[in-house]
Amino acid sequence: MEDPRKPNGRLPMGIWFGLAVLGLLMVAWAMQAYSLLNWESAVALGIQNERLTGDAAERAWALESWGVAVADMLWALPITIVAIIGIIRGRFYGFIAGMMAYSIGVYFPLFFAFQRWATYPGTVITALVLFLVPSLLAIPILWTNRDRFQK
């Protein structure tokens with residue numbers, strides 16, 4: 001693997017990688033936003049798993065997932081936006097928000113995996129590969145570039 005501090009245009013390679021991971025996380029938050037707008041269509045696309053119109057257990061899981069989607073719009077999405085802006089501008093708040101966003105990118109697929117592995121292993125593996133692995137890699141790479149951020 002190349003040195004994440006190696007310049008590549010305006011930013012080091014590690015920063016470009018970190019921004020790409022934040023872009024992936026933005027995809028997750030966009031899927032959550034779409035779910036809030038049209039839950040049943042999100043279920044049909046495979047973005048969500050449980051229907052609000054199913055049996056009592058399925059409705060309960062769907063309502064829990066709906067609440068998580070709301071929380072993502074109130075907490076994770078703004079942190080990710082602040083991280084992107086701050087990292088591009090080389091600000092310390094971007095570094096901190098980036099670490100927070102990557103931590104959410106580690107937490108939510110693991111939480112989902114522990115909840116739903118037995119019922120939706122395909123969706124769990126997709127979440128782990130798309131969000132957990134890149135976020136885990138981005139944390140030490142951003143840390144390696146920490147001297148780039150002004151306080």
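When reading the values below, keep in mind they use all heavy atoms of this one structure, side chains included, and skip hydrogens, waters and symmetry mates.
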*Report whether W29 and W66 are members of the same hydrophobic cluster (ILVMFWY, side-chain heavy atoms less than 4.5 Å apart, transitive linking).*
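Yes, because W29 and W66 connect within a single hydrophobic cluster, where side-chain heavy atoms sit under 4.5 Å apart.
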*May I ask whether I139 and W143 are part of the same hydrophobic cluster, defined by side-chain heavy atoms of I, L, V, M, F, W, Y residues being less than 4.5 angstrom apart, directly or through others?*
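The answer is yes; both residues are in one hydrophobic cluster.
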_Test salt bridge (charged side-chain N to carboxylate O under 4.0 Å, His left out) applied to R59 and E50, step by step_ = CA-CA 7 Å; R59 283 193 314 273; E50 293 87 9; over 6 Å; no
Quick check: do [X] and [Y] have side-chain heavy atoms less than 4.5 Å from each other?
X: V68; Y: F112; answer: no
X: I104; Y: W75; answer: yes
X: V21; Y: L137; answer: no
X: R148; Y: F95; answer: no
X: L36; Y: M73; answer: yes
X: L52; Y: E58; answer: no

_Checking Y34 against L45 for the side-chain contact (heavy atoms from CB on, under 4.5 Å) test, could you report, in this order, the C-alpha distance in whole Å, the side-chain angles of both residues, the deciding distance, and whether it holds?_
CA-CA 11 Å; Y34 180 74; L45 289 173; 3.7 Å; yes
*Only one of I88, I84, I79 clears side chain to side chain contact (heavy atoms under 4.5 Å, CB included) with L22; which?*
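The single option meeting the side chain to side chain contact (heavy atoms under 4.5 Å, CB included) with L22 is I84.
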*Should Q48 and E40 be marked as a side-chain hydrogen bond (donor to acceptor under 3.5 Å, both in side chains) after you check the CA-CA gap, both sets of side-chain angles, and the distance that decides it?*
CA-CA 8 Å; Q48 297 294 340; E40 293 302 318; over 6 Å; no
